[in-house]
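First comes the structure, then the notes that go with it.
Throughout, a chain's letter reflects where its sequence line sits, starting with A, and its residues are numbered from 1.
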Protein chains: 2
Amino acid sequence: MTEGPDIARIAALVADPARSAMLLALMDGRALTATELALAAGITRQTASSHLAKLADGGALAVEAQGRHRYFRLAGPHVAALLEALMVFSGDAAPAPPRTGPGQPALRKARICYDHLAGEMGVTLHERMQARGLLMGDLAGDLAVTAPGWAHLAEIGLTPVALPRSNRPLCRTCLDWSMRRHHLAGLLGKAILDRLLALAWARRLPGSRVIRFTPEGERRFHAWLG
Amino acid sequence: MTEGPDIARIAALVADPARSAMLLALMDGRALTATELALAAGITRQTASSHLAKLADGGALAVEAQGRHRYFRLAGPHVAALLEALMVFSGDAAPAPPRTGPGQPALRKARICYDHLAGEMGVTLHERMQARGLLMGDLAGDLAVTAPGWAHLAEIGLTPVALPRSNRPLCRTCLDWSMRRHHLAGLLGKAILDRLLALAWARRLPGSRVIRFTPEGERRFHAWLG
DNA sequence: GTCATGCTTCGATGCTAGCCGAAGCATGAC
DNA sequence: GTCATGCTTCGGCTAGCATCGAAGCATGAC
């Protein structure tokens with residue numbers, strides 16, 4: 001009996017219907033809370049908790065605690081690849097993702113989160129900057145601006161010297177409420193939002209967290225992110 | 001609770017250590033007998049039998065009965081892809097394949113199987129002809145010679161009219177004992193072997209099933225198959 | 001401080017499935 | 001025909017695990 005790679009252990013993680021339902025619910029890359037995943041799997045919270053612990057221990061899920069919530073997401077692309085290989089096998093399509101987040105479309109699109117941009121536009125900002133190599137991130141969520149990053153930020157009038165000195169981290173990621181993906185927080189997140197407002201690409205709606213982009217502002221925003 | 005694709009059912013097929021060991025043993029594309037797979041998994045034959053039935057029912061394995069043996073092989077590339085995705089996850093390498101087949105190298109290399117060529121050379125013949133589109137096969141193991149196939153066969157002096165009329169299928173595949181892959185059988189298999197002997201590319205060793213290629217014959221054989 | 005919420009741990013229950021021994025059923029050799 | 005071999009089916013045992021109720025432990029709101 002030859003001792004091969006421990007495929008069975010990994011497969012067993014997915015082999016339970018409740019766990020596979022949870023994994024499928026996370027296939028779009030969002031992060032969901034334990035309670036939401038319990039709902040998606042149709043089991044109680046206690047049971048879900050034990051399943052989630054197994055998935056996290058087994059390396060299939062990454063956990064992120066935020067306040068009293070715990071957000072779970074797929075540990076990486078290899079997990080998604082595995083699920084896709086299984087779906088090829090069963091030949092079915094993915095289920096419809098559960099509805100989450102704010103109901104108002106304007107809030108989903110762009111809003112202020114403490115002092116930085118959140119919602120679709122905030123997530124786009126973060127992910128495009130990451131994809132273009134303007135930010136170098138480690139897994140802990142700490143980020144640094146690269147040299148090309150500073151050059152790019154200068155295009156909207158942001159220079160290192162324009163940022164205040166503070167203990168607060170320059171650059172953080174923050175899990176987005178509606179998108180369940182990370183957006184850009186920290187001093188840089190605030191500074192960028194300030195510039196967007198100063199450039200009149202967007203403005204705050206009074207008495208609400210909504211940030212409304214002007215059509216021209218949205219166009220320039222996307223052009224800037226390339 | 002959304003009803004997604006039945007990923008859990010497929011994953012459960014692999015989730016058992018005995019079954020995963022069997023699947024890994026089949027990863028090189030060979031077909032192995034139930035007893036060999038029981039040995040590979042370190043379980044009794046009875047237990048292996050139930051596991052193999054599950055794998056076959058689940059669509060992971062294809063079965064081929066030959067005499068009193070039952071040969072199992074992976075049902076298709078999607079199964080191999082799934083196993084690879086799992087191996088990426090666990091990060092290990094595949095185990096060493098078990099030793100099978102005849103001990104004598106000459107028998108492994110080329111021998112007569114009923115009336116056609118078997119062993120490495122027989123498998124090569126079949127697989128090269130398939131790869132070059134000289135044969136069109138369906139999944140049942142029935143084959144037909146294509147027009148380019150006939151043209152190619154003419155190069156060693158084989159024409160359709162040279163073949164005897166008979167009920168026997170022209171073209172079959174036969175699972176190779178030592179290679180555990182298919183080689184070419186049927187009337188065509190016999191005819192090709194006859195031509196190889198007539199051309200003196202190879203000869204039978206008396207009192208044995210070994211077919212010995214001459215160095216020149218082997219060179220021509222491979223050149224012919226391109 | 002009190003209360004509510006989100007989540008985990010503990011304990012008990014019940015189901016499922018892997019496992020093997022023994023017997024049964026084919027196929028092939030003689 | 002007899003015998004050997006390869007494989008499957010049956011029966012019963014056991015272990016593991018998913019499940020849920022209840023309690024415990026944090027965090028945040030007030």
Whole-Å gap separating [atom2] ([N]) and [atom1] ([X]):
X     : N      : atom1 : atom2 : answer
B:E36 : D:dG6  : CD    : C1'   : 11 Å
A:L55 : D:dC17 : CG    : C1'   : 14 Å
B:L39 : D:dT5  : CG    : P     : 16 Å
A:H69 : C:dT8  : NE2   : P     : 12 Å
B:F72 : D:dG6  : CZ    : P     : 14 Å
A:Y71 : C:dG6  : OH    : C1'   : 11 Å

### Message
By the 4.0 Å heavy-atom rule, please label A:R45 as base, sugar-phosphate, or nothing.
### Response
base

### Query
If we ignore angles and hydrogens, is there a donor and acceptor under 3.5 Å between the side chains of B:Q46 and B:S49?
no

### Query
Between the main-chain N or O of A:A48 and the side-chain N or O of A:R19, is there a donor-acceptor pair closer than 3.5 Å?
no

### Task
Examine distances only and state if a side-chain atom of B:E127 and a backbone atom of B:T124 form a donor-acceptor pair shorter than 3.5 Å.
no

### Task
For the residue pair B:H183 and B:H116, categorise the inter-ring angle as parallel (less than 30°), tilted (30 to 60°) or perpendicular (more than 60°).
tilted

### Query
Looking at B:E218 and B:K109, does any basic side-chain N land under 4.0 Å from a carboxylate oxygen?
yes

### Pair pattern of DNA chain D in dot-bracket, where unpaired bases get dots and | marks partners in another strand, Watson-Crick or G-U under 3.5 angstrom
||||||||||||||||||||||||||||||

### Message
Set out, in order, the CA-CA distance, both residues' side-chain angles and the distance that settles salt bridge (Lys or Arg N to Asp or Glu O under 4.0 Å) for B:E64 and B:R73, then state yes or no.
### Response
CA-CA 8 Å; B:E64 199 162 341; B:R73 60 188 157 78; 3.5 Å; yes

Taking C-beta and beyond as the side chain, do [X] and [Y] meet within less than 4.5 Å on heavy atoms?
X      : Y      : value
B:L184 : B:L135 : yes
A:L153 : A:L188 : yes
A:L158 : A:I192 : yes

### Task
Let me have a per-nucleotide readout for nucleotides 14-25 of chain C, 5' to 3', with B, S or -, counting only protein heavy atoms under 4.0 Å.
----SSBBB---

### Task
Determine: side-chain N/O of A:R68 to OP1/OP2 of D:dA29, distance under 4.0 Å, yes or no.
no

